[in-house]
Peer 1: 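This is the structure I have questions about; it appears just below.
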Amino acid sequence: MEISDSVYANTEIFKSFDSRTRVDQNSKNIPGDELSDKGVVNERDQLKTSNTNLIAQRDQIKSEKNRLQRWVEKSCSQDWKEFNSTLYYVSSGVRTWSDSQQDCRERGAHLVIINSREEQEFINGLRKNVWIGLTDSKTEGTWKWVDGTTLTTEYWQSGQPSNGGITDEKDPDTGEDCAENAIFQYWRNGKSEDCADCQRGWNDAHCSSERKWVCETEASP
Ligand SMILES: [Ca+2]
Ligand SMILES: [Ca+2]
């Protein structure tokens, strides 16, 4: 029997119990009936608990099914790349940091959160300067990922984050509060050097600047 059938069956049984107990409450107490009434009430309460548990199980299965569907849709789409059992979307256009994060949300994802050396190398390997999900816009100097977590591993370029050299920030929009992974910051002989092998690509930039961006979504089932 499917869970939804069990939930339905239990609900029907409650109705029957409820009508029986209502009738019993209105009728005169007959000696000897008290025990059986208690039994009925206990059984009804047990069924109610069991039904609540089944509803919770059904909702959990529904949510897992939706997650699997989203995963299949994304992994079948050419827009998403799989790395280390996680899916990434790399934009072709450019946007501000907050518009980029909004785009990721609309895709059921968030700007990439980099928490391993392998992931940093993967982002470097995209060979693009991209927004990542890191900002200090709430408290200057306190860098947080878009999920509210603080940094565990850091890959700042030398001299970064600099806040654009602004130390006395009267206007909160003047500093650099959004992080990009900028692998084309390295120059040699007047040309930008592809720095795919460089570990440290992070730079803080003005949030209103426009960049490509990378979204990240849930791990594979
Ligand atoms: Ca800053
Ligand atoms: Ca900077």
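Counting convention: from 1, in listed order, for ligands and their atoms alike. Small disclaimer: the values here were computed from a predicted structure and weren't measured.
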Peer 1: Taking E82 for its side chain and Y88 for its backbone only, find out whether a donor-acceptor pair lies under 3.5 Å.
Peer 2: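 Absent.
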Peer 1: Backbone N or O of L87 within a donor-acceptor pair of the T217 side chain at under 3.5 Å?
Peer 2: no
Peer 1: Can you name the N/O/S atom of D177 that is nearest the Ca ion (ligand 1)?
Peer 2: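 Nearest N/O/S atom: OD1.
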Peer 1: With distance as the sole test, does Y89 use its side chain to make a donor-acceptor pair with the main-chain N or O of W213 at under 3.5 Å?
Peer 2: no
Peer 1: Output yes when a side-chain donor or acceptor of E216 lies under 3.5 Å from a complementary backbone atom of I113, and no otherwise.
Peer 2: yes
Peer 1: What N/O/S atom of E140 gets nearest to the Ca ion (ligand 1)?
Peer 2: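 Closest to the Ca ion (ligand 1) among those atoms: OE1.
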Peer 1: Would you call R70 and E73 a salt bridge, taking side-chain N to carboxylate O under 4.0 Å as the test?
Peer 2: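 Answer for the salt bridge query: no.
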Peer 1: I'd like to verify the contacts: list protein N, O or S atoms under a distance of 3.0 Å from the Ca ion (ligand 2).
Peer 2: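 Near the Ca ion (ligand 2), the protein supplies Q160 OE1, S162 OG, E176 OE1, N203 OD1, D204 O, D204 OD1.
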Peer 1: Keeping Q101 on the side-chain end and L111 on the backbone end, is there a donor-acceptor pair under 3.5 Å?
Peer 2: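 Yes; at least one donor-acceptor contact below 3.5 Å.
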Peer 1: What residue pairs, at least two apart or across chains, pass salt bridge (Lys or Arg N to Asp or Glu O under 4.0 Å) with a residue in residues 202-211?
Peer 2: E180-R211
